[in-house]
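Structure first, then comments.
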Amino acid sequence: MINHYDINNDIKFLAKSEIRLKIISELQKKPKSVKELVNTTKITYSSISSNLSKLEEHNYINKKKNKYYLNPLSEIYYRNLMDFKMSIDLINDFHDFWDKHDIDQLSTESLQNIIDLKDSELIKTTPLDIYKTHNTIKEKINESNNLKAIFPYLHPEYPQLIGNILKNNGTIELIIPRNMFKKMIFEIDETIRKAATKEGRLKVHTTPKELKIYLTICDETMSLGLFKSDGSFDQNRILISSSKKSQKWANNLFTNIKGNM
Amino acid sequence: MTNIQTKRQLNEEYKNIKYILTSTMRSRLILAMYKSPKNLEELRNELNKPSATILHGLKELENKNFIKKIQKQYQLTSNGFLLATNMVKLIENWSSINKNTDFWDNHNLSGIPKELLKNMHFLKDATYVTSTTSDLSNAFNRYIKLISNASELKIIMPIYSENHFRHIIELLNENKLKYLELTVNKEILKSIKANPVLKRNLIKNKKVKVHCVDADLKLFLTYAPTFMSLTLFFKDGHYDDSQILIGTSENTLSWASELYNIYGGEK
């Protein structure tokens with residue numbers, strides 16, 4: 001698959017110096033003179049000026065009159081670096097969520113776009129509220145007109161929740177294990193179920209494969225749950241987010257898993 | 001001297017990328033294990049470093065919970081795998097830009113939204129063709145050749161070029177081209193309508209859909225089922241017909257499709 005990856009010297013050149021990174025982040029907002037850079041960053045004149053020369057030498061910036069401008073490509077490089085930084089921050093911020101959990105069913109694309117989840121909140125159960133994760137999701141589903149979900153296991157309340165959405169003319173699309181089909185779908189009120197199926201508002205995809213991911217996509221929020229490395233579902237943690245990016249991320253993941261079935 | 005507090009803030013802000021990216025040992029170890037779990041000997045051979053150095057690096061990564069040792073195999077944890085995947089993305093983005101540096105560096109990139117500029121790794125298989133002094137229309141001819149086999153084309157057209165239109169109309173009339181979507185701005189649309197030949201063959205053609213947008217279009221993008229091509233404007237505002245970026249891989253096409261949909265298509 002891959003021949004040889006390495007962090008090239010350009011990446012190192014930028015990553016090595018916080019001052020250079022800071023200068024680029026400032027110039028990205030707008031072109032500035034040395035003095036303006038010193039004032040906004042509080043870094044000494046000598047450090048700023050020596051790093052400006054190095055950046056100019058490496059063709060990241062150029063000087064016109066007394067202002068320094070970022071070259072368009074430098075901005076792209078910088079953004080790529082900052083995305084990478086954000087991905088590390090996200091791994092660290094939700095350390096317990098990823099750690100010792102199974103992420104094999106997340107596609108490479110989903111993993112590469114993991115920063116789309118950066119506005120998420122990690123919901124954890126507490127000894128005083130051991131159903132906090134389930135109840136949070138339930139609340140979101142109840143507020144939503146439509147639902148797309150990957151349910152790797154059956155919760156006795158799901159048929160009811162799904163039935164409610166269908167009753168209100170909402171749309172449901174599910175990915176579930178094959179052996180769950182009867183228990184899940186036949187528990188929904190028959191008249192509602194048949195009408196919705198006929199109108200194309202209830203779509204169910206079943207798979208003989210084991211699903212190792214829990215995903216719900218409501219109108220406003222998405223939530224993600226993972227399995228622990230020992231194979232059991234982690235009922236105590238979910239990542240929940242209402243940002244547009246996370247919604248798109250979740251939809252991509254849903255489509256990807258559907259496509260792989 | 002920069003004062004201590006400023007220094008501390010700066011360190012804090014960038015310490016994570018510095019930690020991973022500036023140590024050749026740490027980054028190579030992570031990337032080596034991204035391919036597959038490895039034992040010490042395999043790592044030693046791959047990195048060509050003594051055991052002591054490698055063990056030191058492994059210990060550091062283990063403490064950060066990026067890797068774990070199971071029996072004699074070192075492998076990435078899920079956190080480490082997430083990190084490695086994003087590291088590979090960074091490297092691929094970088095090399096994909098570097099592969100076509102001249103193309104990107106010569107042009108005004110304001111027409112390409114930031115989100116897509118951050119996903120340059122999708123373009124790693126794309127290459128650019130340049131016209132030369134001995135063949136001034138090399139880029140244009142390549143373009144015409146490319147579109148001549150397409151049954152479907154979606155084009156963001158920021159220029160009024162009768163030369164381009166003439167070829168496109170020919171393809172439509174020969175019925176090789178069965179569907180054409182054109183995204184243009186008001187000014188270009190006005191010029192098309194003012195030309196009776198273009199009006200008849202494009203605007204009044206059932207096979208053609210024209211979308212008019214308000215945006216100032218700064219890119220010439222062609223998106224077809226089997227290829228995509230991109231030409232841009234110079235930084236001074238002039239259209240550059242001498243360099244064309246062409247790609248055919250699945251990733252490149254999905255990048256182009258996303259770009260097309262941002263400007264064109266049904267809203």
Side-chain angles (χ1 to χ4, degrees), chain A residues 1-2 4-8 10-19 21-22 25 41-44 46-48 59 71-73 75-77 79-92 94-95 97-104 106 108-115 226 229 245, chain B residues 1-3 5-7 9-24 27-28 31-32 34-35 64-66 68 77-95 97-98 101 104-105 107-110 112 114-115 117-121 235 254:
Chain A
M1 87 187 187
I2 310 143
H4 189 64
Y5 282 124
D6 211 349
I7 301 292
N8 67 33
D10 297 340
I11 300 182
K12 273 189 204 151
F13 170 76
L14 288 184
K16 215 157 48 181
S17 155
E18 294 93 345
I19 297 175
L21 288 168
K22 189 74 189 170
S25 102
T41 62
K42 307 268 185 285
I43 300 168
T44 56
S46 60
S47 304
I48 292 278
N59 208 20
N71 289 335
L73 276 187
E75 186 174 342
I76 303 175
Y77 289 135
R79 283 177 186 279
N80 275 314
L81 264 183
M82 289 306 106
D83 270 12
F84 179 64
K85 170 180 145 54
M86 239 187 274
S87 70
I88 308 176
D89 292 345
L90 187 120
I91 297 169
N92 292 338
F94 303 124
H95 182 273
F97 182 75
W98 311 113
D99 185 34
K100 299 189 182 67
H101 286 74
D102 183 344
I103 54 170
D104 288 352
L106 294 173
T108 306
E109 197 190 340
S110 302
L111 297 176
Q112 283 178 339
N113 291 331
I114 206 74
I115 57 168
L226 295 176
S229 304
K245 281 194 177 167
Chain B
M1 275 293 284
T2 304
N3 77 41
Q5 203 196 342
T6 310
K7 227 175 197 169
Q9 272 171 4
L10 275 177
N11 282 342
E12 189 56 33
E13 198 174 342
Y14 297 113
K15 70 170 188 219
N16 284 333
I17 48 171
K18 206 173 165 180
Y19 180 80
I20 299 296
L21 296 179
T22 57
S23 150
T24 310
S27 61
R28 285 199 179 153
L31 293 167
Y34 180 64
K35 293 179 223 167
K64 291 257 172 187
N65 197 21
F66 288 133
K68 61 188 174 191
T77 61
S78 41
N79 298 32
F81 190 73
L82 253 171
L83 176 78
T85 311
N86 281 282
M87 218 158 130
V88 169
K89 177 184 171 182
L90 175 76
I91 294 169
E92 284 190 338
N93 265 327
W94 217 281
S95 66
I97 301 167
N98 285 350
T101 315
W104 301 114
D105 216 13
H107 296 110
N108 172 356
L109 303 179
S110 66
I112 305 172
K114 304 232 151 60
E115 281 311 304
L117 287 176
K118 290 198 294 195
N119 279 325
M120 292 292 220
H121 59 286
K235 288 172 192 166
S254 89

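By convention in this document, chain letters (A, B, ...) are assigned in the order of the sequence lines, proteins followed by strands, and residues within each chain are numbered from 1.
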Which portion of B:S27 sits near chain A, non-hydrogen atoms under 4.5 angstrom: side chain
Top contributor to chain A interface from B:K68, B:K15, B:K114 [non-hydrogen pairs under 4.5 Å]: B:K114
Portion of A:N92 that has a non-hydrogen atom of chain B nearer than 4.5 angstrom: side chain
B:N11 versus chain A, the contacting section by heavy-atom distance below 4.5 Å: both
Closest heavy-atom pair and its distance - B:W94, A:I11: CD2-CG1, 3.5 Å
Segment of A:D83 engaging chain B (4.5 angstrom heavy-atom cut-off): side chain
Residue, of B:Q5, B:H107, B:H121, that accumulates the most heavy atom pairs under 4.5 Å with chain A: B:H121
Check: A:K85 side chain, B:E13 main-chain N or O, donor-acceptor pair, under 3.5 Å: yes
Residues B:Y14, A:K16; criterion side-chain contact (heavy atoms from CB on, under 4.5 Å); working and verdict: CA-CA 9 Å; B:Y14 297 113; A:K16 215 157 48 181; over 6 Å; no
Atom pair CG (A:L106) and OG1 (B:T85), whose distance is rounded to the nearest 0.5 Å: 10.0 Å
Smallest separation among heavy atoms of B:N86 and A:Q112, with atom names: OD1-O, 3.2 Å
Interatomic distance, A:F84 atom CZ to B:I17 atom CD1 [nearest 0.5 angstrom]: 8.0 Å
Non-hydrogen atoms of A:K12 and B:L21 that approach each other most closely: CG-O, 3.5 Å
Which atom of B:S78 lies closest to which atom of A:K100, heavy atoms considered: OG-N, 3.6 Å
Contact class of A:I103 relative to chain B, heavy atoms under 4.5 angstrom: side chain
Residue part contacting chain B, namely of A:S25, when any heavy atom lies under 4.5 Å: side chain
Top contributor to chain A interface from B:N119, B:L82, B:T22, B:T77 [non-hydrogen pairs under 4.5 Å]: B:L82
For the student: nearest non-hydrogen atoms of B:L10 and A:E18, plus distance: O-CG, 3.6 Å
Under 4.5 Å from any heavy atom of chain A - which part of B:L109: side chain
Interface residue of largest heavy-atom contact number with chain A, from B:N65, B:T24, B:L31, B:I20, under 4.5 Å: B:N65
From A:I115 atom CD1 to B:K89 atom NZ, the distance as rounded to the nearest 0.5 Å: 5.5 Å
Worked check of side-chain contact (heavy atoms from CB on, under 4.5 Å) between B:N98 and A:Y77: CA-CA 10 Å; B:N98 285 350; A:Y77 289 135; 2.6 Å; yes
Most chain B-contacting option - heavy-atom pairs closer than 4.5 Å, from A:D102, A:I114, A:L21, A:L90: A:L21
Best-contacting candidate, A:N71, A:D104, A:D10, against chain B by heavy atom pairs under 4.5 angstrom: A:D10
Structural part of A:L14 lying under 4.5 Å from a heavy atom of chain B: side chain
Atom group of A:T108 that falls short of 4.5 Å from chain B, counting heavy atoms: both
Donor-acceptor side-chain pairing of B:N16 and A:D89 below 3.5 angstrom: yes
Closest approach of B:L90 to A:N80 (non-hydrogen atoms, all atoms of both residues): CD1-O, 3.5 Å
Contact class of A:N8 relative to chain B, heavy atoms under 4.5 angstrom: side chain
Contacting region of B:T101 [heavy-atom separation from chain A under 4.5 Å]: both
A:I7 side, atom CD1; B:M87 side, atom CE - distance, nearest 0.5 Å: 4.0 Å
Gap separating the CD1 atom of A:I88 from the CG atom of B:N79, nearest 0.5 angstrom: 12.0 Å
Residues B:T6, A:I43; criterion side-chain contact (heavy atoms from CB on, under 4.5 Å); working and verdict: CA-CA 7 Å; B:T6 310; A:I43 300 168; 4.2 Å; yes
